[in-house]
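Take a look at the structure below.
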Protein chains: 2
Amino acid sequence: MDQLEIFKALSNKTRLQILQWLKEPELNFPDQEKYGFDNGVCVGQIQHKAGLTQSTVSEYLTIIQRAGLVTSTRVGQWTYYKRNEEAFAALSKLVESEL
Amino acid sequence: MDQLEIFKALSNKTRLQILQWLKEPELNFPDQEKYGFDNGVCVGQIQHKAGLTQSTVSEYLTIIQRAGLVTSTRVGQWTYYKRNEEAFAALSKLVESEL
DNA sequence: TTGACATATCGGGAAAAGTCGATATATCTT
DNA sequence: AAGATATATCGACTTTTCCCGATATGTCAA
């Protein structure tokens, strides 16, 4: 749990949005309904919604993953990203008691 | 409560340290014991402990103050900075439920 | 009111982050 | 094996952040 890395990951409008979108995948990524959301949402969907290039979004996802805020799962040619709720709970506690 | 502004303020090692030092002023700024800590700690003390220039530390304090994480009180020629615990509590809740 | 001290603001150079297009890699299909 | 598709990585350019020294502002004391 590297505080600084986490806060840097959160210091970007688009990355904050992505994390919020991933809170309600059904709502924010309806196109993926047919494949389910068990593993999260794949990069392409997120990219489309973010309106930035593929490379940028891929990099952003790597950043929030390295910070531990999401997990990624490769399934075939897709990589799915999903929120790591434990990390948010831990961060909340950290802010409350250690920060 | 501007999330992005808060996270940007927290994305710097020195600023994180300052906030942590301010959690226990008696412990971290013993030189100021004689003046009490009711209003917080003055810039010079913080600068000395941070080991950066006066201008840099002053700027950092402004940044965390604009983010709402500390409050400042001018007393004579000194400006005292103090943690705003309500802000941390609110941030903790935000991370837990909205982020 | 002058000088000393504390803090804030300004201007700038260096380092990091944002963002892109191009290319590499991995997987699937045929 | 070859082409198509999804994602990751690379190189470059632009914008932002870091951090400094110099200077301005505000306050106290003589």
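Throughout, a chain's letter reflects where its sequence line sits, starting with A, and its residues are numbered from 1. The analysis underlying the following values was restricted to heavy atoms, covering all of them including side chains, and did not include hydrogens, waters or symmetry mates.
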Practice item. Under 4.5 Å between side-chain heavy atoms, chaining through other members, with only Ile, Leu, Val, Met, Phe, Trp and Tyr counted: pull out the rest of the cluster around B/Leu27, sorted by chain and number. Key: none

Practice item. Quickly work out the A/Lys13 NZ to D/dT15 P distance and round it to whole Å. Key: 17 Å

Review point. Could you give the CD-to-P distance, from A/Gln47 to D/dT5, as a whole number of Å?
Key: 15 Å

Review point. Do A/Thr14 and A/Val57 come within less than 4.5 Å of each other through their side chains, counting heavy atoms only?
Key: no

Check your understanding: How many Å lie between CD on B/Glu5 and P on D/dT16, as a whole number?
Key -> 15 Å

Check your understanding: What nucleic acid atoms does A/Tyr80 come within less than 4.0 Å of, heavy atoms only: base, sugar-phosphate, or nothing?
Key -> nothing

**Study point:** Integer-rounded Å distance: C/dA17 P and A/Arg66 CZ
**Key:** 10 Å

Check your understanding: Under 30°, 30 to 60°, or over 60°: which ring-plane class applies to B/Phe29 and B/Trp21, parallel, tilted or perpendicular?
Key -> perpendicular

**Study point:** Per-nucleotide protein contact string for nucleotides 18-30 of chain D, where B marks a base within reach and S marks sugar-phosphate only (heavy atoms under 4.0 Å, - for neither)
**Key:** SBBBB----BS--

Study note, to complete from the structure: note: A/His48, atom NE2; D/dT7, atom C1'; distance rounded to Å ~ 17 Å

**Study point:** Residues in side chain to side chain contact (heavy atoms under 4.5 Å, CB included) contact with B/Ser55, at least two apart in sequence or another chain
**Key:** B/Thr53

Check your understanding: Relative to A/Phe88, does A/Arg83 satisfy both conditions: NZ or CZ under 6.0 angstrom from the six-membered ring centre, and within 45 degrees of the ring's axis?
Key -> yes

**Study point:** More than 12 heavy atoms from other groups under 6.0 Å of NZ on B/Lys93
**Key:** no

Check your understanding: Whole Å only: how far is the CD atom of A/Gln65 from the P atom of D/dT9?
Key -> 10 Å

Check your understanding: How long is the line joining OH of B/Tyr81 and C1' of C/dA6, in whole Å?
Key -> 11 Å

**Study point:** Whole angstrom value for the distance that separates P of D/dA6 from CG of A/Asn39
**Key:** 17 Å

